[in-house]
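Only one structure is covered here, and it is reproduced in the block below.
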Amino acid sequence: MNYSDVFREIASELDEIEDRGQLAAYIPELSHVDPSQFGACLITTKNEQFFLGDYKTTFSIQSIFKVLALALARGLRENHLWDRVGVEPSGSPFNSLVQLEYEQGIPRNPLINAGALVVCDVLLTHLKNPRQEFIEFVRDLAGDQDIDYCSRVADSERRTGHKNAAMVNLIKAYGNITNDVDRVLDFYCDLCSIEMSCNQLAQAFLFQAANGINPLNGREVVSVGRSKRINAIMQLCGFYDEAGEFAFKVGLPGKSGVGGGIIAVHPGKYSIAVWSPRLNAKGNSFKGMKFLELFTTRTASSIF
Ligand code: GLN
């Protein structure tokens with residue numbers, strides 16, 4: 001199928017809609033982004049590529065990293081990880097502290113901030129050079145050595161991320177963080193700050209549409225079973241308290257970030273990344289959500 005015409009059609013429809021979203025100004029550095037930018041890129045498992053607008057411009061991937069962190073934790077004893085983090089949808093905002101106390105420091109799932117902090121802790125314990133190994137993992141997935149951290153964004157979040165600091169301390173108090181809390185927070189902020197384009201993201205996530213194999217080099221990134229489980233977690237938890245809405249309207253496993261990016265995959269078919277910086281009230285890209293809803297509906301290509 002040639003998706004280019006559908007892309008263009010949807011883009012011109014979206015131009016008519018007022019963008020009611022807001023930039024993620026709670027991380028001051030993210031408020032300097034030009035909000036009028038928009039990009040999309042779809043890559044099929046047969047390596048056909050379709051793109052639109054600012055698909056080569058890099059942006060802060062923020063929470064999208066959480067899925068890649070989970071994938072990198074693949075070699076670590078899985079049962080142990082699932083003792084420390086749940087796999088249930090939270091129904092709460094990404095930075096909520098409320099459930100954590102009720103559930104004694106075991107975060108609901110690895111895609112809310114609390115759960116991602118625990119995954120970061122696991123990676124810090126098991127990797128020799130966590131920061132370096134993580135970025136190399138992402139570069140290999142995307143087949144692009146230029147991908148990097150952004151220290152401005154990471155520092156900006158370090159200065160203002162008081163809720164995340166509260167969260168990691170609370171989890172530590174329940175004994176579910178083994179490393180020093182500042183080290184975990186530092187690592188978390190670094191991973192959030194990685195900058196990628198829609199093109200790089202679609203490429204990097206293609207393994208989740210290909211049973212865990214990176215189609216670029218034929219290498220296994222995660223096992224078939226783990227790939228299935230990661231998609232299931234994205235489907236149920238990727239959009240926090242808007243996960244039901246995303247399943248209802250878009251119908252693909254996916255993950256958003258407060259940089260305005262969204263990645264979604266259709267197992268067996270394609271991965272698609274969209275980017276529009278203004279966010280709706282739940283912290284997900286306002287226009288990105290609409291684009292994907294129109295796309296899967298027009299092309300009849302949701303998983304449902
Ligand atoms: N760095 C962001 C935070 O912790 C990530 C949240 C997101 O992208 N939803 O607040």
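These numbers come from a predicted model, not from an experiment. Order of appearance sets the numbers: ligands from 1, and atoms from 1 within every ligand. All residue numbers refer to positions in the sequence shown, counting from 1.
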### Message
For F295 and F7: C-alpha separation, side-chain torsions, deciding distance, then whether ring-ring contact (aromatic ring centres under 6.0 Å, His included) applies.
### Response
CA-CA 8 Å; F295 179 76; F7 268 21; 5.6 Å; yes
Report all side-chain donor-acceptor pairs from residues 249-256 shorter than 3.5 Å, counting only partners two or more places apart or in another chain.
from, atom 1, to, atom 2, distance (Å)
K249, NZ, E245, OE2, 2.8
K255, NZ, G238, O, 2.8
K255, NZ, Y240, OH, 2.8
S256, OG, N284, OD1, 2.6

### Query
Do any pairs count as a ring-ring contact (aromatic ring centres under 6.0 Å, His included) and have a residue in residues 211-230, sequence neighbours left out, and if so which ones?
none
### Query
salt bridge (Lys or Arg N to Asp or Glu O under 4.0 Å) with E13: which of R298, R8, K287?
R298
Quiz: residues 15-23 side-chain donor-acceptor pairs under 3.5 angstrom, not counting sequence neighbours:
from, atom 1, to, atom 2, distance (Å)
D19, OD1, G21, N, 3.0

### Message
Determine whether a donor-acceptor pair (N or O, by modelled atom type, separation under 3.5 Å) exists between the side chain of N179 and the backbone of V184.
### Response
no
### Task
Could you name the protein residues that come within less than 4.0 Å of ligand 1, counting only heavy atoms, and order them by chain and residue number?
Y26, I27, Q62, S63, F94, N113, E157, N164, Y188, C192, Y240, G257, V258
